[in-house]
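A quick write-up on the structure given underneath.
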Number of protein chains: 2
Amino acid sequence: MKKRKDLNDAALEMIANRFKLLSEPTRLKILHTLGDREMNVSELVAATGANQANVSKHLGILYDAGVVTRRKDGLTVNYRVADETIFELCDVVCSRLKTHFDLRRLSLNQLLQDIDPAAE
Amino acid sequence: MKKRKDLNDAALEMIANRFKLLSEPTRLKILHTLGDREMNVSELVAATGANQANVSKHLGILYDAGVVTRRKDGLTVNYRVADETIFELCDVVCSRLKTHFDLRRLSLNQLLQDIDPAAE
DNA sequence: TTACTATATAACGATATAGTAGAATACTGT
DNA sequence: ACAGTATTCTACTATATCGTTATATAGTAA
């Protein structure tokens with residue numbers, strides 16, 4: 001009983017950690033810049049406009065979490081997204097945000113029409 | 001072009017904020033305790049074992065983000081999950097974690113068998 | 001070896017936020 | 001009005017982490 005509770009808490013913590021990975025704009029930008037391609041750090045720095053050390057740090061975090069793979073090739077290190085569910089998660093959030101905004105826009109239009117039915 | 005980049009950055013930030021909501025174990029616990037029911041703060045405090053002020057604070061955060069609705073009834077305040085995509089997101093993460101562990105278990109079994117084929 | 005490049009790491013300041021204790025608010029019943 | 005209860009709000013501490021600068025490491029080429 002206590003054990004089960006602990007297990008659940010541990011599971012919740014793992015799930016939370018997964019979400020925390022995606023809760024930073026810079027990391028999301030790196031992941032979406034990567035897409036399904038393989039890119040090295042310099043390319044990611046150029047594409048994202050972020051600081052090199054910062055990009056490297058975030059890539060390290062993503063690598064430790066198993067979200068990206070790393071392939072060393074001479075001087076450069078190539079990264080690639082290893083966990084496709086990342087994009088699935090982002091899609092769900094995007095859809096949700098979109099419908100949210102659509103609903104708000106509808107409400108706004110309704111409000112505007114209530115205020116001045118003649119206007120278009 | 002610059003405008004589009006800014007827009008994208010804004011979008012990424014909104015998505016990141018959405019994930020940040022789910023990146024705290026206590027909030028996840030509250031949401032999963034709620035499920036599809038309506039519960040008041042005291043019930044959530046009892047069910048989660050968290051501090052009352054803490055539960056209230058997290059509920060406020062979730063309310064501001066539109067994840068839960070709030071219905072006042074006399075002394076108590078009843079909360080309910082308003083954004084079902086939350087559970088969809090958690091499901092995706094859970095599946096991912098499960099397959100991850102399954103793969104690790106398979107690798108481990110393979111390793112054990114490689115070491116000692118006679119053992120079962 | 002020396003110079004150069006790509007990446008990772010260390011150390012630091014700034015910021016954000018979780019959790020908590022206590023005060024303040026809102027409602028109910030007497 | 002008064003007492004009691006449910007909830008929120010207000011500081012406050014502790015911790016985590018982002019971004020940055022400077023440095024270290026690893027590979028390449030001369």
Side-chain angles (χ1 to χ4, degrees), chain A residues 9-10 12-34 37-81, chain B residues 5 9-10 12-34 37-80:
Chain A
D9 284 354
L12 285 176
E13 193 161 333
M14 291 194 338
I15 300 173
N17 282 335
R18 205 74 191 165
F19 283 125
K20 191 179 292 182
L21 282 177
L22 304 178
S23 70
E24 297 297 334
T26 304
R27 276 201 287 276
L28 282 185
K29 193 166 191 175
I30 289 173
L31 289 171
H32 276 267
T33 302
L34 272 175
R37 287 170 299 172
E38 195 181 51
M39 294 178 75
N40 63 41
V41 180
S42 301
E43 292 169 337
L44 285 170
V45 168
T48 61
N51 180 292
Q52 181 270 322
N54 201 20
V55 171
S56 195
K57 187 195 269 187
H58 283 302
L59 284 170
I61 292 170
L62 293 171
Y63 176 76
D64 289 342
V67 177
V68 299
T69 56
R70 171 191 280 165
R71 187 178 64 84
K72 206 161 188 179
D73 178 27
L75 263 185
T76 68
V77 180
N78 298 295
Y79 286 88
R80 178 188 288 274
V81 174
Chain B
K5 182 170 174 296
D9 284 354
L12 285 176
E13 194 161 334
M14 291 193 338
I15 300 172
N17 282 335
R18 205 76 193 163
F19 284 124
K20 192 177 292 181
L21 282 176
L22 305 177
S23 70
E24 297 298 333
T26 305
R27 276 201 287 277
L28 283 185
K29 193 166 191 175
I30 290 173
L31 289 171
H32 277 266
T33 302
L34 271 176
R37 287 171 300 172
E38 195 181 50
M39 294 178 74
N40 64 41
V41 181
S42 300
E43 291 168 338
L44 284 169
V45 168
T48 61
N51 179 290
Q52 184 272 323
N54 200 20
V55 170
S56 195
K57 186 196 265 188
H58 283 302
L59 285 170
I61 292 171
L62 294 170
Y63 176 76
D64 289 342
V67 178
V68 299
T69 56
R70 170 191 280 166
R71 185 179 66 84
K72 207 162 186 177
D73 178 27
L75 263 185
T76 67
V77 181
N78 298 294
Y79 287 87
R80 178 188 286 274

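All heavy atoms count here, side chains included; hydrogens, waters and symmetry mates do not. Convention: sequence-line order gives letters A, B, ...; per-chain numbering from 1. The structure displayed is predicted, hence computed values, not measured ones.
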Could you tell me the separation between the CG atom of L28(A) and the OG1 atom of T48(A), rounded to the nearest 0.5 Å? 12.5 Å
Can you measure L22(A) atom CG to dC18(D) atom P for me and round it to whole angstrom units? 13 Å
Answer yes or no: is there a donor N or O on one side and an acceptor on the other, between the side chain of T33(B) and the main chain of K29(B), under 3.5 Å? yes
Applying a 4.0 Å non-hydrogen cut-off, can you work out what I61(B) is touching in the nucleic acid: base, sugar-phosphate, or nothing? sugar-phosphate
Using 0.5 Å steps for rounding, measure from the CZ atom of R70(A) to the CG atom of N78(A). 11.5 Å
Length of the line joining Y63(A):OH and dT7(C):C1', which is rounded to integer Å: 14 Å
Starting at CZ of F19(B) and ending at P of dT17(C), how long is that distance when rounded to a whole Å? 17 Å
Starting at CG of N54(B), measure out to CD1 of I30(B) and round the result to the nearest 0.5 Å. 7.0 Å
How does DNA chain C look in dot-bracket notation if pairs are Watson-Crick or G-U with both distances under 3.5 Å, crossing ones as [ ], other-strand ones as |? ||||||||||||||||||||||||||||||
Between atom CG of L59(B) and atom CG of L34(B), what is the distance when rounded to the nearest 0.5 Å? 7.0 Å
Measure the distance from NZ on K20(A) to P on dT15(D) and round it to the nearest whole Å. 15 Å
Rounded distance in Å - CD (E13(B)) to P (dT15(C)): 16 Å
To the nearest angstrom, how far is K72(B) atom NZ from dA26(C) atom P? 7 Å
Please set out all donor-acceptor pairs under 3.5 angstrom arising from side-chain atoms of residues 17-24 of chain B, sequence neighbours excluded.
{"from": "N17(B)", "atom 1": "ND2", "to": "E13(B)", "atom 2": "O", "distance (Å)": "3.3"}
{"from": "R18(B)", "atom 1": "NH1", "to": "A65(B)", "atom 2": "O", "distance (Å)": "3.2"}
{"from": "R18(B)", "atom 1": "NH2", "to": "D83(B)", "atom 2": "OD2", "distance (Å)": "2.6"}
{"from": "S23(B)", "atom 1": "OG", "to": "K20(B)", "atom 2": "O", "distance (Å)": "2.7"}

Produce a footprint string for nucleotides 3-14 of chain D: one letter per nucleotide, 5' end first; B if the base is under 4.0 Å from any protein heavy atom, S if only the sugar-phosphate is, - if neither. --BSBBB-----
Which whole-number value in Å describes the distance from H58(A) NE2 to dT20(D) C1'? 12 Å
So CZ of R71(B) and CG of N40(B): to nearest 0.5 Å the spacing works out to 10.0 Å
Ignoring hydrogens and geometry, is there a side-chain-to-backbone donor-acceptor pair from D73(B) to T76(B) under 3.5 Å? no
Interatomic distance, CD@E38(B) vs CZ@R80(B), rounded to 0.5 Å, equals 5.0 Å
Base, sugar-phosphate or nothing for N54(B)? Non-hydrogen atoms, less than 4.0 Å. base
Taking CG from L21(B) and C1' from dA18(C), how many angstroms apart are they, rounded to a whole number? 14 Å
